[in-house]
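In the text below, chain A, chain B and the rest are named by the order of the sequence lines, each starting its count at 1. In this text the structure is predicted, and so the values were computed from the model without any measurement.
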Amino acid sequence: MTTPVRTRVAPSPTGDPHVGTAYVALANYAFAKKHGGDFLLRIEDTDQARSTPESERAILAALHWAGLSWDEGPDVGGPHGPYRQSERSAIYKRYSDELLANGHAFRCFCTPERLDAMRAAQRAAGTPQKYDGHCLAIPPEESERRAASGEPYVVRMKVPESGVCVVHDLARGDVPFEYATVDMQVLLKSDGLPTYHLANVVDDHLMEITHVIRGEEWMSSAPKHLLLYGYLGWEPPVLMHLPLLRNPDKSKLSKRKNPTGILFYERMGYLPEALLNFLGLLLAHAPEGQEIFGLPEFIERLDLSKISLGGPVFDIGKLDWLNGQYLRALSTDELLARTMAWGFERDRLVRIAELAQSRVERLSDLAPAAGFLFAGRLAVTKESFAGAKLGDDEMRKALALAMWRLDAERAFEKETVERVLKGVGETLGKKFRDLARVYYVAMTGSPTSLPLFDSMELLGRDIVRERFRVALAAFGGVSGKEQKEWQALQAPDQTNGAAA
RNA sequence: GGCGCCAUAGUCUAUCGGUUAGGACGCCGCCCUUUCAAGGCGGAGAGACGGGUUCAACUCCCGUUGGCGCUACCA
């Protein structure tokens with residue numbers, strides 16, 4: 001081993017921490033450790049519109065909760081920083097300029113409208129959809145002049161017109177791609193920030209990443225990346241594409257069909273070591289039995305070149321079994337300590353007691369009244385909703401809109417919940433009073449319970465989302481068509497005072 | 001549509017030319033047990049299809065079908 005192995009996970013902070021991120025992180029972490037190398041975490045926040053600091057914090061916290069740690073990263077620092085791409089703009093610009101100067105890239109002044117029209121025409125003609133090279137013909141001087149005059153442009157990479165790019169994948173072997181099918185990817189957006197492709201290649205090189213282990217969705221951009229390494233005169237890392245986690249119906253794991261948030265599993269009461277073990281099972285399987293193992297053993301048995309390439313279904317049933325095994329292996333003291341830390345902290349108990357106090361007549365009433373706050377999924381059926389003043393479709397709509405709109409909120413305090421739920425009432429033209437019963441049943445399992453908004457805050461976003469999903473499923477779910485129609489329903493205007 | 005990846009039971013997988021195709025989850029049954037779990041024991045259940053290559057194919061090759069991904073100034 002001449003150069004030390006270095007791997008990384010590079011999440012984009014655009015949403016809730018995803019189990020897929022933990023899966024990729026685990027593979028990278030274990031691979032690096034197996035070879036005595038370093039694992040680092042980099043934040044890919046070049047999408048200004050969608051990236052948020054809250055999401056970044058949540059992702060780091062969730063990965064730490066899962067039991068993963070990194071040698072370098074935005075929170076722990078390191079010699080190759082900064083580890084947040086938004087803080088590295090000048091670096092990308094420099095290489096973009098170099099590519100421009102070398103003639104490996106060119107400025108493209110095409111408007112979004114022209115590109116749309118171009119794609120529409122290509123679709124109609126049935127030809128491959130890719131950039132047509134319109135701005136390739138612009139002479140360098142003119143390109144310079146137009147850029148200097150302030151005309152908006154992007155930088156695109158050039159791609160050979162013919163020939164084949166062979167991608168060496170650690171698990172799949174050689175995968176050939178015709179250059180003719182590779183698009184002239186945008187490297188630098190008109191806002192001056194890089195796209196994933198440029199930032200990724202530059203950072204992986206500068207951070208001395210030796211093995212890029214990432215999701216299979218990147219497979220088809222590998223030729224672009226390899227081309228960039230070549231243009232920049234750099235040695236490309238070893239590539240390895242991991243199969244994607246799937247829903248039970250084999251589609252790519254999505255939160256519409258499944259809980260995908262790491263924090264959901266935490267709130268459901270899964271142990272991090274069980275979740276990691278479960279993910280590890282999808283990456284390295286023991287020939288004979290022995291499915292329960294910790295990180296050290298996992299590192300030892302991992303062999304990415306032998307990984308099973310079919311996308312594995314994220315089988316929650318198996319996770320349940322595994323988690324049960326871990327729970328039973330705990331001493332009673334440990335089990336109790338873990339349970340207390342998980343959902344019975346004193347502060348939380350105090351809040352619950354405050355909510356319940358006016359509703360109890362005996363001390364024995366308290367635990368039953370608050371039970372739903374300590375449960376995971378509720379056993380609600382369509383019958384649970386009987387007695388509401390709304391029709392089935394109205395209830396489904398009320399449930400679905402609340403779920404989607406809550407998803408879109410950054411915060412999850414009771415005020416947020418109240419505003420959103422009441423807003424749904426306005427949208428539907430219903431008194432919130434009539435909607436409330438539906439929400440009570442979905443959230444607490446009963447039409448009468450502790451105050452709704454406080455309870456939802458206490459439950460937390462992940463459990464709330466799952467309860468909405470379960471309630472909706474009890475009604476048969478929402479069709480794709482309905483989803484489109486309903487999401488188009490105007491949310492109450494924030495300017496009309498509701499937010500004040 | 002184009003390009004690419006993938007294909008063993010419902011699910012996760014072992015096998016790397018010669019096996020009664022092994023294990024785990026789930027399911028079913030039995031045992032244990034005041035119930036229910038847990039635990040123990042047992043059972044049902046798989047090589048997508050069609051061609052090759054070979055003495056021999058789940059395993060290698062080709063095709064078909066199916067699933068998935070990519071096809072953005074998102075990652």
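- Counted by atom type alone, A:T260 and A:N258 present zero donor-acceptor pairs between their side chains at under 3.5 Å.
- As a whole-Å value, the separation of A:I316 CD1 from B:rU11 P is 16 Å.
- For A:R172, taking side-chain heavy atoms from C-beta onward, the closest of the listed nucleotides B:rU13, B:rA75, B:rC6 is B:rC6.
- Closest to the side chain of A:K189, out of B:rC5, B:rG23, B:rC73, is B:rC73.
- Across every strand in view, B:rU15 sits unpaired, with no contact that passes the Watson-Crick or G-U test at under 3.5 angstrom.
- In this structure, A:F177 atom CZ and B:rC3 atom P are separated by 12 Å, rounded to whole Å.
- Between B:rC6, B:rA24, B:rU13, one nucleotide has an atom nearer to the side chain of A:H285 than all others, and that is B:rU13.
- Which of B:rA24, B:rU13, B:rU11 sits closest to the side chain of A:D315 comes down to B:rU11.
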Report the C-alpha distance between A:F298 and A:F278 in whole Å, list the side-chain angles of each, state the deciding distance to 0.1 Å, and finish with yes or no for ring-ring contact (aromatic ring centres under 6.0 Å, His included). CA-CA 11 Å; A:F298 172 67; A:F278 174 71; over 10 Å; no

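- Across all strands shown, B:rG69 is found opposite B:rC3 as a Watson-Crick or G-U wobble partner, with both distances under 3.5 Å.
- Using a 4.0 Å cut-off, some side-chain N or O of A:R119 falls inside it from OP1 or OP2 of B:rA72.
- The salt bridge (charged side-chain N to carboxylate O under 4.0 Å, His left out) test applied to A:R465 returns A:D407, not counting sequence neighbours.
- For the C1' atoms, the distance from B:rU19 to B:rU8 is 14 Å, rounded to whole Å.
- Here the side chain of A:V313 is nearest to one of B:rU11, B:rC6, B:rC73, namely B:rU11.
- Between A:L282 atom CG and B:rA14 atom P there is a gap of 12 Å when expressed in whole angstrom units.
- Residues A:S143 and A:F106 form no side-chain contact, since every pair of their non-hydrogen atoms from C-beta on lies 4.5 Å or further apart.
- A ring pair (Phe, Tyr, Trp, His ring centres under 6.0 Å) check over residues 122-159 of chain A, counting only residues at least two apart or in different chains, returns the pairs A:F109-A:Y153.
- Between A:R50 and B:rA75 there is no side-chain N or O to OP1 or OP2 distance below 4.0 Å.
- Distance CG (A:L302) to P (B:rU13): 14 Å, rounded to an integer number of Å.
- Across all strands shown, B:rG40 is found opposite B:rC30 as a Watson-Crick or G-U wobble partner, with both distances under 3.5 Å.
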Step-by-step salt bridge (charged side-chain N to carboxylate O under 4.0 Å, His left out) determination, A:R8 to A:E208: CA-CA 10 Å; A:R8 49 64 167 182; A:E208 298 176 52; over 6 Å; no

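- Comparing the C1' positions of B:rC58 and B:rU13 gives a spacing of 14 Å, expressed to the nearest Å.
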Short heteroatom pairs, N/O only, protein and nucleotides 39-47 of chain B, under 3.5 Å:
unit_1	atom_1	unit_2	atom_2	d
B:rG39	OP1	A:Q325	NE2	3.2

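- If you take NZ of A:K318 and P of B:rG23, they are 13 Å apart, rounded to a whole angstrom.
- For the pair A:K306 NZ and B:rU59 P, the computed distance is 19 Å after rounding to whole Å.
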Could you check A:F39 against A:F31 for ring-ring contact (aromatic ring centres under 6.0 Å, His included), going step by step and ending with a plain yes or no? CA-CA 9 Å; A:F39 165 63; A:F31 185 85; over 10 Å; no

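- The pairing partner recorded for B:rG10 is B:rC25, the criterion being a Watson-Crick or G-U wobble arrangement whose two distances lie under 3.5 angstrom.
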At under 4.0 Å between heavy atoms, how does the protein contact nucleotides 61-70 of chain B? Give one character per nucleotide, 5' to 3', with B, S or -. ------SSSS

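- Looking at which nucleotide of RNA chain B each of A:T46 and A:D174 is closest to, the 5′-most match is held by A:D174.
- Atom pair A:H134:NE2 and B:rC73:P shows a separation of 15 Å (rounding to whole Å applied).
- Between A:R377 and A:E466 there is a salt bridge, since a side-chain N of the basic residue sits under 4.0 Å from a carboxylate O of the acidic one.
- A heavy-atom distance below 4.5 Å is found between the side chains of A:Q325 and A:W321.
- Sequence neighbours left out, the pairs with a member in residues 66-77 of chain A that pass side chain to side chain donor-acceptor pair (under 3.5 Å) are A:R6-A:E72, A:K33-A:D71, A:W70-A:D75, A:E72-A:H80, A:E72-A:Y83.
- At whole-Å resolution of the value, CZ in A:F298 and P in B:rU13 are 12 Å apart.
- Phosphate contact (OP1/OP2 of B:rA75, side-chain N/O of A:T195, threshold under 4.0 Å): absent.
- Nearest-nucleotide assignment on RNA chain B puts the 5′-proximal partner with A:L283, out of A:L283 and A:Q129.
- The list of ring pair (Phe, Tyr, Trp, His ring centres under 6.0 Å) pairs with a residue in residues 42-63 of chain A, not counting sequence neighbours, is empty.
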